[in-house]
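Contents: one structure, followed by commentary.
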Amino acid sequence: MILIVAEKRSVAQAIARYLGGTYKVEKIYGVSAYRFLYGNREAVALGLSGHIMDYDFTARQNVWSWLPPEELFKTSPILVLREEAIKYVRALRSLARKAEEVYLALDADSEGEAISYEVALVVRLVNKNVKIYRVRFNAVTYKDIKIAFQNPTKLDLKQVEKVFSRMQIDLTLGAVFTRFLTLTVRDLLEKGQFLSYGPCQTPVLGIVVTRELQRRNFKPEKYYVIKAVVEIRGYKIEMSADVRFKTRKEAEAVATTIKRGVVKAAIYRPHYIQPPEPLETVELERRASRWLGINSKKTLDIAEELYRAGYISYPRTETTIYPPTLNLREILQELIRGEHSRYVEELLLRGFRPTRGDSDDGAHPPIYPTKGATKSEIYKTFGKIGDNAWAIYDFVVRHFLATLSPPAQVEKQKIVVDFGKIQLEVEGQRTIDEGYWRIYPWERQSDRPLPRVYVGDEVHAIKVEVVERETEPPPPMSESELLALMKKYGIGTDATMQDHIYTNIKRGYMKLQKGKCIPTKLGETLAITLFQYTPELIEPTVRARIERAIQGIVKNGISPNRLIQEIKSEFEKYYNDLKKHRDEIRRALETVLNSKARERSGTY
DNA sequence: GCAAGGTC
């Protein structure tokens, strides 16, 4: 018998379908397994649910009050089976005993490599002589799967070492600093409450708090601008000078000279606005937060439901290029059943060319609809979450259609008038062809057209005024901007970025209000304290530094143990810095934790 | 009870 192990149920099922044609579903310890004939041999495809192993410290080391946190720098966590994966491990063992060959068909990324290794460990324990192969495919399509199984390879142990190193580093740093912070203010915390640190969650908090402080410390400055209504060829046009004056006096001195002028530039230039690139997870989350008012965690949860019900493709991806094996025409034909049938038919008739981004994660395609559906069908299928399910589904459909649509075409307009001492200008825009805006209204730009004037036209000012303005603080950090910054700094992955925001909310460090991230007093104090004594722990580049370091295991053959040791000793220094200021840290946190305690008991 | 990464 041939055993095939996939990272998720849907992939195991697809493999059975593509390699076997037909298959039978069977439940083993509650886990779906797909039996089929591969050529003339019996085969079973088993789908896991991600990792089956994890790192942990020993039971003794996990008694927080007994072990000084810094002791964790001196040991290494051990690899253990995950309790929540026990049924998968049982199914795996039972099938592996009877297998002659095992194919590790996990995702083609480093996590998939690590999970492959975990599977191999379990398999070897129950079947010493079984042959184990690794197969890699970049898309779950007939062609990719077929080719992958004809070209089995070996495990890439460097990738495995990299992932296991990150797990150990993250757990050690997380545990040491979480326990230190918690134990420092232990008596001030509620039952079950703790103060966490993590190399992703904490820099996220740092970004949000930094913005909040910039806003609070912002000193607005007055400045003065010149606005005017002028007449050209009988048209009345509002114009302004692209100059900020420090005082009203200076501005007025210039304003009084504005009488007669001449058109220096009159530009009417066609401009194309390209439709969006194929959809990846973080863009879905950002756009849903901005345009649909659904936060990133909820968006991913709903996308997951839509995926499981077969309406959209796998929602965790960083890829923005449609794979050549994806039949876009077929998807369009399927979408005729949905709410945009006329638009879809038009696309099919007129022909289309997809947009293309520049990233390919090697494991999953961009997010696209896999089934056409009407609004009422989605509402019926998703019951209570119908509203949001429809919003997200319809967004994915529209985004997909947009990527196949023509660009919008506008005329960019600009008039510049020379008044001798100063130039006034105005910009305008007129839509020539709506293009993809018809299906993607969120990017639609409104018209503010200018009349046609010509270089050399005479101009005279009808009204000139000096307007007082104030410089403005940066806006509160929106969830959408935060996600973009996390991506820029390499904090988290497509699948986890929303988790790191949510962790901060769960810990009481920040809130999400109307798409804006607002730090709480506790979050603010924690961040400020860390910035003060150990900025290295909270600056946004921490994560990228760790990622770069572990990448050295793959790229430069650096020994994982040496690398882990180096990182641990670096962070041990930060730990000692923090420890020196234990009293100050306690005093700072005391004020916010105490006020919370007072609020609870109702005494002030 | 700590993290971040898979996945449900």
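Note on naming: letters A, B, ... go to the chains in the order of the sequence lines (proteins, then strands), and numbering restarts at 1 for each one.
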Self-check item: Interface residues of residues 573-585 of chain A with DNA chain B (non-hydrogen, below 4.0 angstrom)
Solution: none
Practice problem: Measure the distance from CZ on R186(A) to P on dG1(B) and round it to the nearest whole Å. | Solution: 13 Å
Exercise. Determine if W64(A) stacks with dG1(B); use a centre-to-centre distance below 5.5 Å and an interplanar angle below 30° as the criteria.
Key: yes
Contacts of [X] that satisfy salt bridge (Lys or Arg N to Asp or Glu O under 4.0 Å) - sequence neighbours left out:
X: E570(A); value: R545(A)
X: R17(A); value: none
X: R308(A); value: E305(A)
X: E318(A); value: none

Quiz item: Judged by modelled atom types alone, do E524(A) and Y509(A) share a side-chain donor-acceptor pair under 3.5 Å?
Solution: no
Practice problem: Map G492(A) and F194(A) onto DNA chain B by nearest heavy atom, then report which one ends up closer to the 5' terminus. | Solution: F194(A)
Exercise. Find which nucleotide of DNA chain B each of F57(A) and M53(A) is nearest to by heavy atoms, and output the residue with the more 5' nucleotide.
Key: F57(A)
Quiz item: Contact class for R316(A) vs. all strands (heavy atom < 4.0 Å): base, sugar-phosphate, or nothing?
Solution: base
Only pairs under 3.5 Å count here: list side-chain donor-acceptor contacts from residues 155-162 of chain A, not counting sequence neighbours, and write none if there are none.
unit_1, atom_1, unit_2, atom_2, d
D156(A), OD1, K158(A), N, 3.2
K162(A), NZ, Q551(A), OE1, 3.0

Quiz item: Quick one: is dC2(B) close enough that its OP1 or OP2 comes under 4.0 Å of any side-chain N or O from T182(A)?
Solution: no
Quiz item: Counting only side-chain N and O atoms of R507(A), is one of them less than 4.0 Å from OP1 or OP2 of dA3(B)?
Solution: yes
Quiz item: Is a donor-acceptor pair below 3.5 Å formed from side chain D170(A) to base dC2(B), judging by atom type as modelled?
Solution: no
